Amino acid sequence: MTSNQKNNSRLDFGLVLVLMLLFLASCVSIYSAQATGQYSENFLAKQIVWYAVGVVIIAIVIRLDSDQLKKLTWYAYGLGIAALGFLIVAPSSIAPVINGAKNWFVFPGVGSIQPSEFVKVFIILALARAIFDHHQKNTIKTIGTDFWLLIKIGLITLLPLILVIKQDLGTSLVFIAIMLGMVFISGITWKILLPIFSVGVSLIGAIFYLVLWKPEILEKYLGVREYQFGRIYSWLDPYNYQSTTGFQLTRSLLAIGSGETTGKGYGTREVYLPESHTDFIFSVVGEEFGFVGASVLISLFFLLIYQITKVGMETKNDFYTYLCVGVISMITFHVFQNIGMTIGLLPITGIPLPFVSYGGSSLMGNMLAVSLIFSIRYHYKKYMFSTSD
């Protein structure tokens with residue numbers, strides 16, 4: 001067998017196929033969204049370029065084995081923290097305030113780059129490394145060691161969370177979702193987790209109460225901005241705010257509902273919806289392809305999660321398993337939150353639909369995440385008869 005044949009046999013062709021189908025769905029949806037006349041840019045061409053960059057990312061990362069990934073972990077995490085910190089103090093010439101938030105670096109000739117999209121993956125790496133190292137050093141499991149591991153996980157997540165929470169609530173929720181997924185797989189006893197999660201649920205209930213009846217407290221002590229409250233209010237009663245903060249949600253509901261079972265047909269859009277090529281791309285699918293098309297798209301994400309889960313279950317390397325869980329947590333939350341907000345199930349948070357919504361930073365961040373899965377599959381195959389990889 002030639003070297004190329006051996007390498008090809010170690011590629012996850014199931015994952016490749018799913019990504020190709022998502023790429024096709026993205027191109028079809030973005031082309032239709034930009035054809036409404038409200039945009040002058042060719043977003044489809046840019047999305048194809050970003051996908052090509054993503055393929056390059058995969059080609060580079062796939063060569064890194066677990067030892068190399070571990071060595072790079074803290075450098076990547078530190079770089080991400082530094083980028084988020086610099087974003088806060090950077091001059092408006094390179095980090096302008098867009099839609100009330102300062103989340104992007106703008107580079108002439110390149111476009112905007114959102115560092116938090118890459119930090120999501122760096123957090124996954126850091127948490128996987130921390131959990132793996134902890135279990136390697138603490139072979140005897142106790143309440144004390146589990147509590148110490150929980151502190152490590154919390155601190156790793158807390159630092160980037162502090163840097164983005166005031167500017168980007170959606171990304172903050174993704175950080176938390178990744179952390180929760182890693183906590184569940186870390187092996188920490190429920191004797192610790194159950195009381196903590198009970199307190200967490202109580203806090204969420206209290207915050208929800210404050211949002212509805214005492215918003216001035218959150219504004220004063222937590223720095224929550226007025227437009228963020230508007231998203232909650234427009235979510236609960238969108239038609240009462242349809243001329244302001246509820247406009248996108250009401251239009252999204254109208255678009256998806258009007259698609260009915262099979263949709264209006266490709267390119268036959270009648271509902272005006274701003275930014276439909278980004279966060280509300282699912283509304284385009286719902287209107288043009290109906291329930292059937294939306295179900296097919298959701299099924300592709302199920303297949304994607306299945307492929308990643310299969311890789312995580314087949315590998316015998318715990319570090320790899322933790323990486324798979326982190327990537328699954330990130331993608332699952334993205335999909336659930338994005339689709340949920342377009343159908344009114346969840347508040348609008350500005351989270352894009354992975355691999356489908358237009359956006360260079362988001363797409364490259366997601367491709368970086370799946371490149372870790374490709375790397376796992378690429379390297380564990382040759383150790384399939386051993387006890388570890």
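What you see is a predicted model; the values in this text were computed from it and never measured.
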Glu287/Arg269 salt bridge by N-O under 4.0 Å criterion: yes
salt_bridge(Asp133, Arg129) N-O dist < 4.0 Å: yes
Other cluster members, Val56 - Ile/Leu/Val/Met/Phe/Trp/Tyr, side-chain contacts below 4.5 Å: Ile60
Criterion side chain to side chain contact (heavy atoms under 4.5 Å, CB included) against Leu15, the qualifying member of Ile373, Leu303, Ile58: Ile373
Non-hydrogen side-chain atoms of [X] and [Y] separated by less than 4.5 Å:
X	Y	result
Leu193	Leu150	yes
Val97	Ser92	no
Thr189	Lys141	yes
Asn317	Phe132	yes
Phe43	Thr278	no
Leu125	Tyr77	no

Non-hydrogen atoms of [X] and [Y] that approach each other most closely:
X	Y	value
Ser357	Ile281	OG-CG2, 3.4 Å
Asp279	Thr342	O-CG2, 4.0 Å
Ile351	Met341	O-CE, 3.6 Å
Ser375	Leu69	OG-CD1, 4.1 Å
Gln34	Leu44	OE1-N, 3.1 Å

Side chain to side chain contact (heavy atoms under 4.5 Å, CB included) evaluation trace for Tyr272 with Leu254: CA-CA 10 Å; Tyr272 171 74; Leu254 178 60; over 6 Å; no
Any chance you could measure [X], atom [atom1], to [Y], atom [atom2], to the nearest 0.5 Å?
X	Y	atom1	atom2	value
His379	Arg63	NE2	CZ	8.0 Å
Ile156	Phe175	CD1	CZ	13.0 Å
Asp146	Ile192	CG	CD1	5.0 Å

Derivation and outcome, side chain to side chain donor-acceptor pair (under 3.5 Å), residues Gln114 and Asp168: CA-CA 11 Å; Gln114 189 173 2; Asp168 192 343; 3.1 Å; yes
In terms of hydrophobic clusters joined by side-chain contacts under 4.5 Å, are [X] and [Y] together?
X	Y	value
Ile188	Val201	no
Ile143	Ile196	yes
Phe302	Val292	no

Exceeds 12 heavy-atom contacts within 6.0 angstrom, atom CH2 of Trp148: no
Phe23, CZ atom: more than 12 neighbouring heavy atoms under 6.0 Å: yes
Check: Ser258/Glu270 side-chain N/O donor and acceptor closer than 3.5 Å: no
Axial cation check for Phe319 ring with Lys70, 6.0 Å and 45° limits: yes
Verdict with reasoning, Thr349 to Gln337, per side chain to side chain donor-acceptor pair (under 3.5 Å): CA-CA 8 Å; Thr349 56; Gln337 173 61 40; 3.0 Å; yes
Partners passing side chain to side chain contact (heavy atoms under 4.5 Å, CB included) against [X] (at least two apart in sequence or in another chain):
X	result
Gln68	Leu64, Asp65
Lys71	none
Leu79	none

Pair Glu288-Thr268, side chain to side chain donor-acceptor pair (under 3.5 Å): steps then yes or no: CA-CA 6 Å; Glu288 297 188 357; Thr268 309; over 6 Å; no
Using atom types as modelled and distance alone, determine if a side-chain donor or acceptor of [X] lies under 3.5 Å from a backbone N or O of [Y].
X	Y	value
Thr309	Ile305	yes
Trp235	Gly344	yes
His135	Ser186	yes
Ser329	Ile178	no
Thr145	Thr142	yes
Asn338	His334	no
Lys102	Ala90	yes

Phe184/Phe197 aromatic ring centres below 6.0 Å: yes
Results of side-chain hydrogen bond (donor to acceptor under 3.5 Å, both in side chains) for Gln307 - residues two or more places apart only: Asp12
Side chain to side chain contact (heavy atoms under 4.5 Å, CB included) between Tyr322 and Met182, intermediate numbers included: CA-CA 7 Å; Tyr322 301 145; Met182 301 297 267; 4.0 Å; yes
Residues which pass salt bridge (Lys or Arg N to Asp or Glu O under 4.0 Å) with Arg251, listed by chain and number, not counting sequence neighbours: none
Residues Gln242, Phe247; criterion side chain to side chain contact (heavy atoms under 4.5 Å, CB included); working and verdict: CA-CA 4 Å; Gln242 60 182 320; Phe247 178 77; 5.7 Å; no
